[in-house]
Undergrad: 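Below: one structure in structure tokens.
Only heavy atoms go into these numbers, but all of them, side chains included; no hydrogens, no water, no symmetry mates. Here is how names work: the chains are called A, B, and so on, in the same order as the sequence lines, proteins then strands, and each is numbered from 1.
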Amino acid sequence: MLTVADVSFAYRDADVLRGVSFHVPRGRIVGILGPNGSGKTTLLRLLSGVARPTRGEVRLDDRPLARLSRAAVARRIAVVPQETHLAFDYTVLEIALMGRYPHLGAFEFEGPEDVAIAERALAATGTLPLAPRSFATLSGGEKQRVVIASALAQFDRRPADVRPPASDVRHPRGVRHPRGLRQTDAGAGQLLLLDEPTASLDVHYQVEVAELLRRLNQSQGLTIVVSTHDLNFAASVCDELVLLRQGQVIASGPTREVLTPATVHALYGVDADVRYHDRAGHITVVPIPREAASGLGS
Amino acid sequence: MASGRERRAVTVPGARIWRTLALFAAAAFVSVLAAPLVGSTPIDLGRVFSLAEPFASNIDAQIFFVARLPRALAAALVGAALAASGVVLQALLRNPLATPFTLGVSSGAALGAMVVITFDLSIPWVPAVPLASFVGSLGAVTIVYLLATLRHHGLSTEVLLLAGVTLNAFFSAVILFIQYFADFADAFRAMRWLMGDLDVAGYGPIVAALPLVVVAFVLFAWMPRALNLLALGPDAAATRGIDVALVQRLAFLSASVATGAAVAVAGPIGFVGIIVPHLVRLLVGADHRVVLPASALFGAAFLVVCDVMARTLLAPVEIPVGVITAVLGGPFFLWLLVRTR
């Protein structure tokens, strides 16, 4: 779906990315994993077309991103930034409706269909009950889910698609999954980019975001690229990983093959145990303190 | 199902926006029509528009159309331009405390006006002070714009803000320097200009400023959705199909031209550009598709009313309208500052 071909990026005189290549297959969740300062955010900015590579190119279904119009890209690729600080006090529904802007004519207002799409996107992230609330009053986790909803509303979908049952809509915290969203290809051909979605969230919201991403991927066929420095978040969510260190890809491929003690050491300089966790259903990474690793601790 | 549809009808933005704007338009219209009726000589609205009497002998119509309406229209034009520019600059800088004067426009205008007043410069056929003030504001805008774009791909809003604030301080110092050497009468005139004054003579200044304000407003009309997205941040706006650099440039330049034209007509009348947008946001929410046009209309009504107060509160002595807006606006601004922290 998205191909990164030998991409480099320099800011002023500093190389941020060097010769990065990988492919994001349709319908998969791909994680960009690396320590802080490895170039993850810059890479995401190139993937969304906000910044242009100094060398190489990013292709969306074999068409260079640079040759597509901004609105055309916006209808296929939506971005969830690490944190959203609003300059003014919008309501949650207004934020979700902003996702519809790339679909409207220059002076067109959102119609009932757009409102329906925005409300369904809020329902899909469990935030529909918050619709009339002021965005500024929400918790970090709620904000993150509302911004994800706004990104989902950016994708074109028929209003007849899916409608979550009323019982899910009224659920107070919206933690339960709207079962109405299931087995449609509404999100196919569309790409959601998330920059460190869990960086400032506690473990409860981290799990919630992880579940949400997997659900969106499975129920709507949405392709997702998520950057993170969190090994276990990556292991729990991503089908494939791209490991980024100092602006270069050191490994990429299926999560289970790529995430090994050797690559963890190469990325973060720590020793780690990498094991499959039966109850969690994915591999987990446990960093081992230096003394314990060298046997001095015992 | 029926109840669902009812609820939906309420949440669709278009209809609600037009209804709200109609109310604000009515307020602006009524204020402009009513303001000329207030004054030392009472006049009757029925007689003003009476066709039975020819204009030459209809004293009420003459006072209305010749003496007082130009002033109300000037107040409306200036109020609308300042309030709308305030909205646009607050969105551009992503800072609710920005005003139309934050980026140096007014101090550039003031410097231009001071030079003309102090050195008694005159230009044939053209009122020199408004022209010099407009040229001064354009000069300030150009400096700030060049600084903000020089070393950046887009428009750096941080540099914009810092350059504007610094330029304001610099120009103020130059103005004080010029004032120091001015004689008493010139210094007094300059002082009065700085307070803001809507006592325009006839329709000339309005006709001169109108095209500039209209051009700016045409650009404003195309902007509200982009301004909403800018509130999410420049990158988020770009991923929703907005050409951020273009919008930022147009927003800055059009707001500056509207502000420059308004200041040329009436001097730097403070606080309109900050209280009006915030009052309007308290009333209608944050969506710029409502806030921007509603602020223009409310700004017009607000300044017309302030000017009526300026004319009548201590009649026959006239209070500078800038004093009225500041006395109303200052405490409001402080309250806002404390409230948003």
Undergrad: Taking side chain as everything from C-beta outward and backbone as N, CA, C, O, which of these in B/Ile17 sits under 4.5 Å from a heavy atom of chain A? Side chain, backbone, both or neither.
TA: side chain
Undergrad: Establish, for the pair B/Arg240 and A/Tyr101, whether the NZ or CZ atom is under 6.0 angstrom from the six-membered ring centre and no further than 45 degrees off its axis.
TA: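 No, B/Arg240 does not lie over the aromatic ring of A/Tyr101.
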Undergrad: For the residue pair A/Tyr205 and A/Arg145, confirm or rule out a side-chain donor-acceptor distance under 3.5 Å.
TA: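 There is no such pair between these side chains.
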Undergrad: Given a strict heavy-atom distance threshold of 4.5 Å, which part of A/Ser150 is in contact with chain B: side chain, backbone, both, or neither?
TA: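 A/Ser150 touches chain B through backbone and side-chain heavy atoms alike.
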Undergrad: List in chain and number order the residues that pass salt bridge (Lys or Arg N to Asp or Glu O under 4.0 Å) with A/Asp15, two or more places apart in sequence or in another chain; answer none if no residue qualifies.
TA: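 For A/Asp15, no residue satisfies salt bridge (Lys or Arg N to Asp or Glu O under 4.0 Å) once neighbours in sequence are set aside.
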Undergrad: Does any backbone or side-chain atom of A/Glu94 lie under 4.5 Å from a heavy atom of chain B? Answer side chain, backbone, both or neither.
TA: side chain
Undergrad: If we only count heavy atoms from C-beta on, is the A/Gln190 to A/Thr223 side-chain gap below 4.5 Å?
TA: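 When only atoms from C-beta onward are counted, A/Thr223 and A/Gln190 do not touch, as no gap falls below 4.5 Å.
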Undergrad: Does A/Asp195 come within less than 4.0 Å of A/Lys40, counting only side-chain N to carboxylate O?
TA: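 A/Lys40 and A/Asp195: not salt-bridged.
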Undergrad: Which side-chain N or O atoms in residues 290-301 of chain B pair as donor and acceptor under 3.5 Å with protein atoms at least two apart or in another chain?
TA:
from	atom 1	to	atom 2	distance (Å)
B/Ser295	OG	B/Val291	O	2.6

Undergrad: Please check: side-chain N/O of A/Gln220 versus main-chain N/O of A/Asn217, any donor-acceptor pairing under 3.5 Å?
TA: no
Undergrad: Any salt bridge linking A/Asp61 with A/Arg76? Criterion: basic side-chain nitrogen under 4.0 Å from a carboxylate oxygen.
TA: yes
Undergrad: Decide yes or no for A/Val147 and A/Pro81: does some side-chain heavy atom of the first lie under 4.5 Å from some side-chain heavy atom of the second?
TA: yes
Undergrad: Using 4.0 Å as the upper bound for N to carboxylate O, is an ion pair formed by B/Arg289 and B/Asp287?
TA: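 Between B/Arg289 and B/Asp287 there is a salt bridge, with a charged N closer than 4.0 Å to a carboxylate O.
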Undergrad: Which residues, numbered in order, of residues 80-93 of chain B come under 4.5 angstrom of chain A by heavy-atom distance?
TA: B/Gln90, B/Ala91
Undergrad: Flag the pair A/Ile32 / A/Phe22 as yes when at least one side-chain heavy-atom distance between them is below 4.5 Å, and no otherwise.
TA: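 Contact flag for A/Ile32/A/Phe22 side chains = yes.
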Undergrad: Under a 4.5 Å heavy-atom cut-off, does chain B meet the side chain of A/Leu86, its backbone, both or neither?
TA: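 Interface part for A/Leu86: both.
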Undergrad: Count the heavy-atom pairs under 4.5 Å between each of A/Pro102, A/Ala72, A/Ala71 and chain B, then report the option with the highest count.
TA: A/Pro102
Undergrad: Do the rings of A/Tyr90 and A/Phe88 sit parallel, tilted or perpendicular, given the 30° and 60° boundaries?
TA: perpendicular
Undergrad: Looking at A/Asp114, A/Leu104, A/Leu193, which has the largest count of heavy-atom pairs under 4.5 Å with chain B?
TA: A/Leu104
Undergrad: Among residues 252-262 of chain B, which residues come closer than 4.5 Å to chain A, judged by heavy atom distances?
TA: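 So far as heavy atoms go, nothing in residues 252-262 of chain B approaches chain A to under 4.5 Å.
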